[in-house]
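All figures in this text were calculated on a predicted structure; none of them were measured in a lab.
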There are 2 protein chains.
Amino acid sequence: MEDNSSRVDSILRKLRQTGLRITPQRLAILKALSENKEHPGAGEIYAAVKAEFPTTSIATVYKTLAVMKTIGEVLELEFSNDYNRYDGNTPGAHPHLICVKCRRIVDPELASLDEMTEKLASETGYTIISHRLDFYGVCPECRQKE
Amino acid sequence: MEDNSSRVDSILRKLRQTGLRITPQRLAILKALSENKEHPGAGEIYAAVKAEFPTTSIATVYKTLAVMKTIGEVLELEFSNDYNRYDGNTPGAHPHLICVKCRRIVDPELASLDEMTEKLASETGYTIISHRLDFYGVCPECRQKE
DNA sequence: CTTCCTGCAAACAATTTGCAGACAG
DNA sequence: CTGTCTGCAAATTGTTTGCAGGAAG
């Protein structure tokens with residue numbers, strides 16, 4: 001896995017390549033994203049950024065996240081009830097394990113998904129672009145508290 | 001697969017069991033749901049219901065859908081951009097195949113998911129309650145139009 | 001310099017809620 | 001009868017947008 005700084009660096013490289021500007025706000029947002037492995041929401045990223053860059057606005061956070069999505073460097077996990085969560089560390093599609101009690105989201109190891117995808121494509125004739133696989137459950141910590 | 005009327009009947013049975021009331025509005029919503037296999041949104045259900053029951057309100061549709069979710073007879077597919085979609089025919093968790101062009105959603109056949117779930121549970125210590133598996137792609141019809 | 005970015009506030013849209021009257025059981 | 005359900009309208013909330021000024025390159 002890439003460490004924080006190399007992750008930020010590779011995103012910066014991609015921004016330059018694409019002709020997008022590197023502003024202090026964007027840097028702070030990227031730093032906050034790469035330091036938080038917990039799939040934060042826009043509000044959490046905003047809070048972290050504002051701590052050291054108080055003039056930042058939530059709109060800028062959203063706009064920056066939108067740009068990152070577009071260039072494929074951030075994965076957005078949509079929820080219609082809860083707020084959306086963002087993953088800046090592993091931008092490719094991968095399974096998530098969501099605790100329904102504490103709402104923590106972790107990235108489990110899981111093979112055999114590629115195989116499943118190929119089979120689906122050949123059986124249905126669809127061109128598969130991406131996927132979303134979320135498991136909902138109760139994490140060991142929350143179960144203990146019951 | 002159950003046909004429409006037996007599907008509605010089994011939901012009605014569940015409603016009675018749970019002491020919930022059967023109103024004309026609820027009947028119309030259930031009928032609209034069971035007749036539409038295309039994972040409609042609340043607005044589409046509302047339109048269908050209003051066609052033969054013009055006084056119905058969208059709030060009632062949402063409230064009824066919430067009840068159906070609670071008793072486990074309707075599966076809600078959440079989206080934060082697009083509106084949520086509802087599946088009244090196959091209320092248990094199952095994979096979906098979503099065309100990113102026409103936004104149609106179909107239910108593909110797919111085994112080997114139970115196996116995957118068990119493995120995940122034993123490896124992480126989580127109690128798995130449910131899951132969500134969405135594949136995003138382009139359906140054969142849309143690909144042809146490109 | 002020029003264009004893109006920021007930050008504020010207002011706009012949005014799907015969904016939810018409060019409440020008074022209606023009606024299922 | 002009684003408690004639940006309906007329907008209206010207003011509220012909610014995360015996210016998006018318009019626009020004037022600011023700054024990256």
Classify [X] by what it touches in the nucleic acid, base, sugar-phosphate, or nothing, heavy-atom distance under 4.0 Å.
X: Ile22(A); answer: sugar-phosphate
X: Tyr62(B); answer: base
X: Thr56(A); answer: sugar-phosphate
X: Thr60(A); answer: base

Do the side chains of Lys31(B) and Glu52(B) get close enough for a salt bridge, i.e. N-O under 4.0 angstrom?
yes
Any Tyr126(B) side-chain heavy atom under 4.5 Å of Val106(A) side chain:
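Contact flag for Tyr126(B)/Val106(A) side chains = yes.
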If you go through the side-chain atoms of Lys63(A), does one of them form a donor-acceptor pair with the base of dG18(D) closer than 3.5 Å?
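Answer yes: a donor N or O sits under 3.5 Å from an acceptor.
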Side-chain N,O ([X]) to OP1/OP2 ([N]) below 4.0 Å:
X: Thr23(B); N: dT6(D); result: yes
X: Asn84(B); N: dT15(C); result: yes
X: Ser57(B); N: dT6(D); result: no
X: Arg21(B); N: dG3(D); result: no
X: Gln25(B); N: dG7(D); result: yes

On DNA chain C, nearest-nucleotide positions of Ile58(A) versus Ala59(B): which is more 5'?
Ile58(A)
Only one of Glu38(B), Lys37(B), His94(B) passes side-chain contact (heavy atoms from CB on, under 4.5 Å) with Asp87(B); say which it is.
His94(B)
Please check this pair: side chain of Glu73(B) against backbone of Gly88(B), looking for a donor-acceptor N/O pair closer than 3.5 Å.
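Side chain of Glu73(B) to backbone of Gly88(B): no pair is present.
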